[in-house]
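Working notes, beginning with the structure itself.
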Amino acid sequence: MTAMPIQRHIDLTPYNTFAVAAVANYFAPVAGRDDLRAVLDGAGDRSRLILGGGSNILFTRDFDGLVIKNEIRGIRVVREDHDHAWVRVGAGEDWDGFVRWTLRHRLYGLENLASIPGAVGASPIQNIGAYGVEVGDCLEAVETIDLTSGAPRCYQASECALGYRTSIFKQPPRDRYFITAVTFRLSKTARLVTRYADVARAIEGLDPADLDAEMLSDVIRHIRRSKLPDPDELGNAGSFFKNPLVAPDQFAALVAGHGDMPHFSEPDGPVKLAAGWLIEQCGWKGRRVGACGVYPRQALILVNYGGARGEEILALARDIAASVKSRFGIDLETEPRII
Ligand code: FAD
Ligand code: EPU
């Protein structure tokens, strides 16, 4: 077999939704396991970075090593019973395209995750979530190739250590396991999750019998359009910080001074605070600093107004985190990968 051509000096601006400029010294699109093997044979011991849709990454510098762009396609029902279908999806499939596919095939569970940018292969990495659902709710298995040995390894969902915006794939050693396919267990009967405040508000007054999964995903698309910037129009990577989790006693002290602080508590567990609210309270919402800024309709989203460098966006993020720390004593954790 002929080795895949590895491209040189590729501008990554079109490959990241922040649309920041960075150059990959080496770059290789990979459409299947054979491509991957050939690329690895030609790659030597260069450092590697795996890229899907580039919607959860911030480049603050050029990447000297090899960027492997996942383009593995294919959607296939691999097993079925009376209640469920198991669907195996190539990691390079577009996430939202797959969500639309599930609805067309009357398979349910992912409707609340409509319109999240990126590729299917990245979905388990931070256990993508929105509007009361996480991908872990429907995840069956994640197929990977160990890039150091070339060996395949399949992780069952229970082995992935899924949590709020985390999994084993987000921990070191990153870029060792290349996710090639993900299998989802989808339901043939829709069980609609409508408890998230924005969703409940949007469907208020509607007879629940009149709501179906397609309508719910349309409602969610509409909510998202109203508060999140479209990366094709304004560079961004979604939420820049995770919502912080604090211990109940720390929360009690915080809420004593800020009775209107939005929060989501689990019984006996930590309390999740809204980072967007904390950032807004510190006066950042809508502020512009040079070519970047804080989105006027959602303070958790940093945007590139055009030509911002990754370092500028990171410097803004650090200033925001410092003011939240100084005002509330809370450390914000970055959500996107910083390179
Ligand atoms: P990339 O940005 O390409 O990669 C992210 C990380 O995963 C990198 O570390 C990369 O090396 C690694 N990676 C990617 N593919 C592979 C692979 N095949 N194998 C191994 N490692 C890999 N996220 C949510 O959870 N909920 C939301 O509601 C949400 N809304 C968003 C809205 C907007 C407007 C934007 C821009 C982003 C949003 N995100 C959201 C974040 C983002 O869409 C998700 O994290 C998405 O899963 C990232 O996919 P990607 O393919 O773009 O990943
Ligand atoms: N809020 C403010 N000001 C703001 C933004 C938010 O006060 O500028 C308050 C809202 O009023 C609300 C609370 O914060 O009370 C939560 O806001 P919202 O519903 O907009 O959600 P979020 O917590 O800011 C999270 C996820 C999103 C996901 C939505 C919907 C994280 C880090 N972010 O945002 O995910 O789409 O909930 O479930 O958990 C992403 O991860 O990239 C992402 C966009």
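What you see is a predicted model; the values in this text were computed from it and never measured. Every number for a ligand or one of its atoms is a count from 1 in the order of the listing. What's counted below: heavy atoms across the whole structure, side chains too, no hydrogens, waters or symmetry copies.
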Any protein heavy atom at under 4.0 Å, with atom 33 (N) of ligand 2 as the reference point? yes

Among Q126, R224, R174, R48, closest by heavy atom to atom 29 (C) of ligand 1 is R224

Contact region, F241 to ligand 2, non-hydrogen atoms below 4.0 Å, reads backbone

Any heavy atom of R297 sitting closer than 4.0 Å to ligand 2? no

Shortest reach to atom 34 (C) of ligand 1 by a heavy atom, considering only I339, L49, N236: N236

Should the proximity of L300 to ligand 2, defined as any heavy atom under 4.0 Å, be assigned to the side chain, the backbone, both, or neither? side chain

For Q281, is the nearest heavy atom under 4.0 Å from an atom of ligand 2? no

Should you measure from each heavy atom of A130, which atoms of ligand 1 turn up under 4.0 Å away? 28 (O)

Is atom 10 (C) of ligand 2 less than 4.0 angstrom from at least one protein heavy atom? no

Could you list which atoms of ligand 2 come closer than 4.0 Å to a heavy atom of A274? 13 (C), 14 (O)

Just going by heavy-atom distances, which of S123, G90, G129, G118 is nearest to atom 26 (N) of ligand 1? G129

Does the ring of Y26 carry R8 above it, NZ/CZ under 6.0 angstrom from centre and within 45° of its axis? yes

With a 4.0 Å heavy-atom cut-off (strictly under), which part of S239 contacts ligand 2: side chain, backbone, both or neither? both

Heavy atoms only, cut-off 4.0 Å: how does E280 contact ligand 2, side chain, backbone, both, or neither? side chain

Is there a heavy atom in Y164 that sits closer than 4.0 Å to ligand 2? yes

To which of P117, G121, S115 does the heavy atom nearest atom 33 (C) of ligand 1 belong? P117

So the atoms of ligand 1 within less than 4.0 Å of a heavy atom of A237 turn out to be 35 (C), 36 (C), 37 (C)

Ligand 1 atoms in contact with N70 (distance to a heavy atom under 4.0 Å): 18 (N)

